[in-house]
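Here the structure comes first, spelled out in C-alpha cells, and everything after it is commentary.
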Amino acid sequence: MNDAPDWGSGDQTAEPFEDGLYGIASLLSGWAPSLTTALLDEDRRRQHTLLTLATHFPQTLVGANRAIEVATAAVEFVGHSDFEPLGELVRRTAANLQISFDGVLTRRESVVMDTCRDQMEIAALAQDFLHEPQRIPKWLSGKDRAREFGFKRLIEKYESDLLILPTGGRPGLLREYAAHSEGLHPRAETVNPGTLPKTPVPISLEWWLPMTIREILHHAHATLAQLDLALCFHLKREDWPLGVVNAADDDPLIFAIGQLAQLAQLQSQMLAQANVDTPGI
C-alpha cells in the first residue's frame, strides 16, 4: 500500500508515538479506518469499565492486584527452579489472569469463560503431578492426552482432595466446567443468546462486573493453591514465596473473594426477584 505510514528504522524498543494508541490511530485512520474504529471502540470500553470498577467496586481491583502479585512472584520463582513442567503451568496461569482481566474490561464474556475453564484444567493437572510426577513425561509427549489427562478423568481420580471442589462436590465442579464451555462453540443458546455472536456484555449490566471478577479470582486462587502444593512438594524449598494454601483470611485475595461472593449472592437474589436472566457465569 503506497499510502501506508513510514515506520522508520524499525527499532521496536523506542516509543514512536507520544500519544499512545490515539496517536497511532490518527495515523492509521486514513488507510485503515474500519480497523482504527474497532480498536478505539474496544479501548473506550476498557476505560469505561475500569472507571466503573474503581468507582463502584474498588474491592475487585484490590483482589485483582493481589492475584497478579502472587502470580508474578510464582513466575519469577519458577524461572530459577529445576521443575520446568510445572513452571510452564505457572506461566500459563499468570497469562490467563491477564487475559481474563482484559476480557472483563472489554466485557468479552467468552474470553473470561475460556480462561476460567483453562485454570480449572491447570489445577487438575497440578494435582495429578503432585501425586504421580512420573506421569509428566507422558503428558509432555501428548500421547493419550484426552483420555488420561482430560479434566473429567482427573477429577474422578482426585475428587477426595481437590482444592478446586465447590460445595456441590464433583457434580458441581463438572457443571461449572460445562458452564464455562458453553460460549466457546458456535451454537444457539436460549438462556444466554449473547454467547453466539460474542457481543460485549452491555455497559448497563454493572452487576456483571463483580460477579465475573469474583469468578476469575476464585479460579486463580484455586489454581495457584494447587500449584503451590505441587511445587512445594517437588522443589522442597524453604524460600518458596506463595503460601497460597495457608493464606490468612485478611489476605487481599481471600478477602476480596469473600466480599465478592457475598455481593454476588445479594445481586443474584435481587436479579431473581426482578426475573432477569444472567450471563453464563
Side-chain angles (χ1 to χ4, degrees), residues 1-8 12 14-65 67-68 94-119 179-217 219-220 260 264 267 271 276-281:
M1 296 175 62
N2 294 331
D3 55 348
D6 180 9
W7 296 112
Q12 297 182 1
E15 174 55 58
F17 300 101
E18 294 182 358
D19 295 331
L21 176 62
Y22 287 86
I24 298 173
S26 64
L27 179 65
L28 300 184
S29 59
W31 62 283
S34 296
L35 174 62
T36 301
T37 299
L39 291 175
L40 290 179
D41 285 346
E42 202 82 340
D43 190 63
R44 293 187 188 99
R45 192 176 297 113
R46 285 187 181 93
Q47 294 183 46
H48 185 280
T49 304
L50 188 57
L51 180 61
T52 300
L53 289 171
T55 304
H56 297 165
F57 309 106
Q59 68 271 44
T60 63
L61 300 181
V62 175
N65 182 72
I68 293 291
N96 277 336
L97 261 178
Q98 294 188 26
I99 293 169
S100 60
F101 286 137
D102 191 61
V104 170
L105 294 183
T106 57
R107 296 173 179 264
R108 301 288 182 181
E109 189 172 68
S110 61
V111 173
V112 178
M113 292 286 189
D114 185 31
T115 53
C116 285
R117 187 180 76 158
D118 202 62
Q119 302 289 56
H180 287 319
S181 305
E182 287 179 356
L184 304 180
H185 306 287
R187 63 186 182 190
E189 175 58 61
T190 56
V191 176
N192 185 18
T195 60
L196 182 57
K198 291 191 173 182
T199 52
V201 173
I203 291 176
S204 59
L205 297 181
E206 284 191 357
W207 53 264
W208 179 84
L209 296 174
M211 292 181 70
T212 304
I213 291 187
R214 185 264 167 195
E215 193 74 9
I216 292 171
L217 297 181
H219 286 296
L260 293 174
Q267 290 174 324
L271 290 169
V276 176
D277 289 332
T278 66
I281 284 185

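- A distance of 4.0 Å separates NZ of Lys198 from OG of Ser110, quoted to the nearest 0.5 Å.
- For the side-chain contact (heavy atoms from CB on, under 4.5 Å) test, residues two or more places apart in sequence or in another chain that qualify with Ser181 are Arg117, Tyr177.
- The heavy-atom pair separating Glu206 from Phe57 by the smallest distance is O-CE1, 3.8 Å.
- Shown here for Met113 and Ala179, the closest heavy-atom pair between the two residues is SD-O, 3.9 Å.
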*asked:* As a quick check of understanding, evaluate side-chain contact (heavy atoms from CB on, under 4.5 Å) for Val104 and Ile216, giving each step before the final call.
replied: CA-CA 9 Å; Val104 170; Ile216 292 171; 3.4 Å; yes
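- With sequence neighbours excluded, the residues satisfying side chain to side chain donor-acceptor pair (under 3.5 Å) with Asn65 are Glu69.
- Nearest heavy atoms, Ala67 versus Leu97: O-CD1, 3.6 Å.
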*Check step by step if side-chain contact (heavy atoms from CB on, under 4.5 Å) holds for Arg46 and Glu42.*
CA-CA 6 Å; Arg46 285 187 181 93; Glu42 202 82 340; 3.7 Å; yes
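- Note that OG of Ser100 and NE2 of His219 are 10.5 Å apart. Values are rounded to the nearest 0.5 Å.
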*Quick one: do Asp102 and Val111 satisfy side-chain contact (heavy atoms from CB on, under 4.5 Å)? Show the steps, please.*
CA-CA 9 Å; Asp102 191 61; Val111 173; over 6 Å; no
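- Partners of Pro200 according to the side-chain contact (heavy atoms from CB on, under 4.5 Å) rule, which considers only residues two or more places apart in sequence or in another chain, are Arg45, Arg107, Arg108.
- Take Asp118 and apply the side chain to side chain donor-acceptor pair (under 3.5 Å) test, not counting sequence neighbours, and it matches Arg92, Asn96.
- The side chain to side chain donor-acceptor pair (under 3.5 Å) check on His48 picks up nothing, with sequence neighbours excluded.
- Taking each heavy atom of Phe101 and Ala64 in turn, the nearest pair found is CZ-CB, 3.4 Å.
- We find the OG1-CZ distance between Thr60 and Arg214 to be 14.0 Å, quoted to the nearest 0.5 Å.
- Using modelled atom types, no side-chain atom of Thr55 and backbone atom of Thr52 make a donor-acceptor pair closer than 3.5 Å.
- Under the side-chain contact (heavy atoms from CB on, under 4.5 Å) criterion, Leu35 pairs with Ala32, Leu39, not counting sequence neighbours.
- Among residues two or more places apart in sequence or in another chain, the salt bridge (Lys or Arg N to Asp or Glu O under 4.0 Å) test is passed with Asp43 by none.
- Using a 4.5 Å heavy-atom cutoff, the side chains of Ile99 and Asp114 are not in contact.
- Across all their heavy atoms, Ala54 and Pro58 have their closest contact at O-CB, 3.9 Å.
- If you take CD1 on Ile213 and CG on Leu61, they are separated by 6.0 Å, rounding to the nearest 0.5 Å.
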